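Below is one structure; the comments refer to it alone.
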Amino acid sequence: MIRKAEDSECPQPGTCSPARAAVEDRCLAGIGSSRVYPARRSLPQREESRLGGMRQGMLVGTVVLVLLAAAAVLYTIAPESLTAVAWDAMRNPDQAPVLLKHGFLDYLATAWGLSPTAIEHVSIQITISSLLAFFCLLFALTSLVERKVFARIQNRYGPNRVGPWGLFQPIADGIKMLTKEDIVPRNADKVVHLLAPVVMLVPALIVLAILPYGPGMVPIELEVGILLFFALGAVTEVAVFMAGWGSSNKYSLLGAMRAIAQMISYEMPLILAAIAVVMMTGSLSPVAIVESQEGYSMGFVPDWFVLTPWGIVGFIIFFIAAQAESNRSPFDLPEGESELVAGHLTEYSGFKYAVFFMAEYIGLFAISGLAATLFLGGWHAPLPVLDFIPGYVWFIVKLYALVLLAIWIRGTVPRIRGDQLMGFAWKFMTPMGFATIAAAATWHYAGPGPVGWLIAGALVLIPFLLLSRVFSTRYPVRTYRYSER
Amino acid sequence: MRLVEPEGFGANGVGGGDGDERLLELSMGPQHPSTHGVFRMNVVLDGETVVRLQPVFGYLHRNHEKIAESQSYLASIPYTDRLDYFCSLSNNWAYVRAVETLAGIPVPERAEYIRVILAELTRLQNHTVFLGFLLGDMGGWGTALMYAFRQREEILDLFEALTGSRMMCNYMRFGGCRCELPSGWMEQARAVVAGYPAFLDEMEQLLVENEILVARTQGVGVVSAEKAVNAGLTGPILRAAGVDYDIRKVDRYGIYDRFSYRVPLGEHGDTYDRMMIRLLEMRESLKILQQAMADLPEGPILHSDVQVRNLCPPEGEAYCRVEAPKGELGFYLISDNTARPYRYRIRPPSLINLTLLEEMSLGMKIADVMVILGSIDIVLGEVDR
Amino acid sequence: MKLLKHIRFLPGSGILKGMLVTARNLIGSYYDPRRLRTVRYPEERLPLPENSRSVPFLVYDGDDAETGLRCVACHICETECPARAIHIVNACDKRGKVLKRPHRFEIDISACMGCQICSEVCPFDAIMMDNAYNHAAFERFDSLTLTRERLAKPNAYFHRIKPTEAAEIDSRLAADRSRMEERRRKKEAANATHNESAR
């Protein structure tokens with residue numbers, strides 16, 4: 001019954017008297033005072049979206065105009081020597097970033113008279129800040145692209161509320177993440193809880209330094225770059241376990257235990273696949289590896305390692321293991337939202353969560369970049385006629401293609417189970433890694449020809465068929481009968 | 001962080017065990033991403049292996065049976081919508097059939113046909129959503145779920161056009177159905193049924209052979225036929241264990257004996273079989289739908305001299321059951337010749353199918369528990385009532 | 001007995017097949033409206049089917065919501081409402097005689113489950129199901145208790161949201177009225193003849 005309490009002051013139907021009419025009116029007025037809903041007009045059918053095409057186009061046009069105007073202003077106020085550098089860079093796009101940086105440093109040395117040590121510091125600062133800026137922007141873009149592509153795979157629109165096509169969604173997310181309360185559980189190991197995201201992010205950023213983005217564009221030219229990459233990549237395991245242990249949450253702990261088991265297992269095939277490449281090139285330097293993939297056989301087939309029998313298998317192993325390393329679906333067990341809520345991230349919120357999120361994406365970029373370096377020919381163009389496009393563009397395109405592939409896979413497959421994940425790593429991926437090494441060795445001696453293809457191909461195909469028989473015998477094809485009733 | 005000795009387990013002291021093992025007690029739910037509502041499990045884990053599992057439910061108890069005993073027969077129909085809120089029309093049918101049996105009300109033929117059509121549409125959409133949720137429980141990030149929702153939307157549109165509501169249909173009445181089909185409804189329904197096989201093909205292509213799904217489901221949550229029968233399991237979960245028991249075939253209630261359709265049976269009784277049985281059942285439901293839509297006779301939709309209000313069935317009792325998408329849904333009513341049932345009792349398939357959860361989960365991994373729970377296909381509205 | 005057969009070529013092919021499906025959906029969502037069924041709600045709205053129902057409202061004939069109300073305050077809907085969401089108080093005249101119209105007619109839409117049993121049992125076709133679904137409010141009691149003033153809506157509104165049902169009810173009411181009229185006229189005629197013969 002409604003408003004029973006008021007019934008007492010309201011007249012009952014039987015006892016209504018003129019004297020109480022005033023009370024009655026008061027009751028009526030009290031109830032009737034709230035907002036009245038207007039009757040709905042006819043239903044709009046598929047109204048034009050508020051963010052119509054016109055407005056979106058105008059917005060983009062304005063941005064482009066502003067950028068052009070800024071460039072013009074910069075051009076007019078910049079000194080002669082710098083504009084010359086800019087022209088130089090425009091004429092030689094392949095080396096544009098290098099020319100720009102060196103030109104600027106020369107300008108600093110001559111015009112400002114900085115000492116060589118200072119110049120070196122500025123050079124390092126420029127490299128670091130441009131890398132950070134680029135990958136943070138790429139991270140912002142990817143967090144949107146992933147949601148958009150993922151949504152389209154699932155037949156949804158994805159983010160479309162903030163800005164045209166939802167373009168400002170990363171900004172909105174960033175503001176949200178930064179302003180949210182940072183909750184630390186009472187029983188948490190506060191230092192470990194705080195340090196975990198940092199330990200996660202730092203190695204992910206450092207490994208970006210050894211990737212060869214283009215010819216002559218390696219932040220640190222290390223002879224043992226690959227080794228450094230794997231050594232630093234292994235640090236993320238510690239970070240995930242720190243997060244799980246420090247949170248003092250059972251879900252987090254389970255997630256952390258899973259992460260340790262998973263990452264240690266998948267380091268093995270990851271490195272085995274890389275070793276095949278290192279064997280072929282005889283170098284641990286990423287630049288040397290990319291350079292050894294230069295050229296085209298038969299005039300148009302690029303000499304990338306992925307286009308050899310051992311290379312394709314090595315690439316697939318590397319890619320799968322990379323997904324496991326960066327906790328991507330179907331190997332996202334540590335986060336395992338359907339059973340572990342959010343795994344090691346359960347107790348993280350606000351800025352710390354954002355750092356984790358960013359570290360995972362940057363780790364994914366880094367390992368995709370390494371895959372592009374090792375197998376996909378790094379900065380080389382896929383066809384000779386496409387050589388005019390700068391090398392760093394090709395590198396980023398390859399890197400991003402692998403990221404998109406990862407998104408596509410994530411949209412398709414369910415999560416693998418812990419014990420199956422370990423079984424897959426040790427009973428399938430690792431033997432296949434060894435087979436890849438054997439195939440690479442025979443390829444080295446037989447050479448790229450029909451014989452090489454035959455022997456190396458057999459060396460990877462036969463183990464693959466044998467190993468995969470384990471799966472099809474354990475899970476035979478099922479048939480179903482129907483009731484006779 | 002508390003690593004418990006097994007003795008201390010659970011509020012009801014369900015503990016016990018070897019003693020020197022260090023086990024992890026985990027209370028999953030009622031707030032958890034994949035417990036299908038407010039279900040809770042107290043799980044004891046050895047590493048990731050489930051050693052003990054204690055289901056806790058009742059968080060969604062709303063006293064449905066007692067409420068029904070305090071109001072008229074008619075007023076309980078909308079409450080039955082809210083039992084298994086995915087399948088309100090099947091619930092309507094089971095309850096209405098119980099009252100019709102109690103009061104001896106005949107049902108016009110056209111109404112029977114429409115009931116069959118709606119019940120099979122309900123089965124279709126329930127199984128469709130089941131597939132999506134199962135993949136979600138496996139960590140499929142909602143892709144299959146979105147496809148399922150996309151397809152289910154077409155059936156919900158049909159329900160809304162006919163009954164006025166997408167889920168809380170409240171459509172069947174004692175002696176027939178509430179209102180006539182709106183114009184154009186049948187054509188729309190035919191189009192939906194005609195478009196369904198393409199969706200099922202797509203789902204099969206996405207799911208059936210997926211190696212990860214196969215590895216995650218085959219041999220997981222096995223229930224033997226004997227145990228399934230002993231525990232009173234019904235529905236697809238029972239047929240997946242290989243027991244040939246479909247109430248549509250056993251009771252031949254309504255007009256189900258007029259249609260030709262088959263009942264798929266599994267043999268392993270595991271999660272994969274449960275998924276496949278539902279996939280195959282959907283194809284059979286489509287057959288029933290096509291036949292029923294082709295044969296739909298003209299005529300009245302509601303028996304003309306049924307008293308809608310103040311229905312006082314003669315003294316007696318009735319138990320009526322239907323093959324709801326999740327299993328045997330039964331209503332037990334006792335009338336004392338007043339306008340209110342003297343006793344009103346539901347046999348919910350979800351609750352009884354859930355009773356074997358611990359049996360299925362022991363020795364499995366924690367990730368499997370969610371898949372098994374998903375494969376039972378529970379709705380907490382029906383479990384807790 | 002028919003066998004359903006699934007042929008598995010190479011391990012991994014199942015996942016590749018699944019990826020084909022997702023790729024088809026990814027591309028299909030850009031041109032196939034059957035795949036992209038999402039409605040961007042506040043800007044786009046689906047047309048509601050005629051039968052669609054949300055909460056009840058009271059129909060009144062003519063222009064005056066006070067006198068045109070069909071409701072005679074018979075309390076049938078109040079008794080039948082499964083959620084006990086309806087509360088009716090009869091109006092009474094100055095001398096305290098109970099009148100056949102509601103003084104207060106309230107529906108607590110936070111309890112109402114939109115089952116439409118009230119409109120089904122109403123013998124006077126006075127209470128009907130609305131299809132407006134935006135009922136959110138910032139306050140639990142007064143805002144979500146629809147009073148007679150907010151419940152009363154003209155017959156024209158009913159015609160607009162549910163033309164078929166409204167036309168059917170109107171013709172039935174008209175038939176009822178003409179039958180009553182006929183009966184009254186017959187009675188009058190009979191009275192007249194009776195009076196005449198008596199005279």
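The figures that follow rest on heavy atoms only: side chains count, while hydrogens, waters and symmetry mates do not. Quick caveat: nothing in here was measured; it's all calculated off a predicted structure. Chain A is the first sequence line, chain B the second, and so forth, proteins listed ahead of strands; every chain is numbered from 1.
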Look at the side chain of B:Thr143 and the backbone N and O of A:Thr412, then say whether any donor-acceptor pair between them is shorter than 3.5 Å. no

Could you measure the distance from the CZ atom of A:Phe424 to the CD atom of B:Glu211? Nearest 0.5 Å is fine. 9.5 Å

Heavy-atom side-chain proximity of B:Tyr147 to A:Ile153 below 4.5 angstrom: yes

Tell me the closest heavy-atom pair linking A:Lys250 and B:Glu25, and the distance in Å. NZ-O, 2.6 Å

Can you tell if the side chain of A:Arg415 reaches within under 4.5 Å of the side chain of B:Arg216, non-hydrogen atoms only? yes

Is any NZ, NE, NH1 or NH2 atom of the basic residue among B:Glu48 and A:Arg258 found under 4.0 Å from an Asp or Glu carboxylate oxygen of the other? yes

Taking every heavy atom of A:Pro414 against every heavy atom of B:Asn210, the minimum-distance pair comes out as CD-ND2, 3.7 Å

Determine the minimum heavy-atom distance between A:Tyr480 and B:Leu280, stating which atoms define it. CB-CD1, 3.7 Å

Structural part of B:Met28 lying under 4.5 Å from a heavy atom of chain A: both

To the nearest 0.5 angstrom, please state how far the OG1 atom of B:Thr217 sits from the OH atom of A:Tyr475. 8.5 Å

With a 4.5 angstrom heavy-atom cut-off, which part of B:Leu45 approaches chain A: side chain, backbone, both or neither? side chain

Which atoms of B:Ile277 approach chain A - backbone, side chain, both or neither, heavy atom under 4.5 Å: side chain

Any residue meeting side chain to side chain donor-acceptor pair (under 3.5 Å) with A:Thr430, in chain and number order, not counting sequence neighbours: none

Based on non-hydrogen pairs under 4.5 Å, which of B:Ala144, B:Gly142, B:Gly136, B:Gly374 is most in contact with chain A? B:Gly142

Would you mind telling me which of B:Met146, B:Lys249, B:Glu267 has the largest number of heavy-atom pairs within less than 4.5 Å of chain A? B:Met146

For residues B:Ala367 and A:Arg417, report the shortest heavy-atom separation together with the two atoms involved. CB-CG, 4.2 Å

Do other residues, nucleotides or ligands put more than 12 heavy atoms under 6.0 Å from A:Lys190 NZ? yes

Is it the side chain or the backbone of A:Phe150 that comes within 4.5 Å of chain B heavy atoms, both, or neither? side chain

Contacting moiety of A:Arg410, where chain B heavy atoms sit under 4.5 Å: both

Heavy-atom cut-off 4.5 Å, strictly under: side chain, backbone, both or neither for B:Asp246 against chain A? neither

Segment of B:Val220 engaging chain A (4.5 angstrom heavy-atom cut-off): side chain

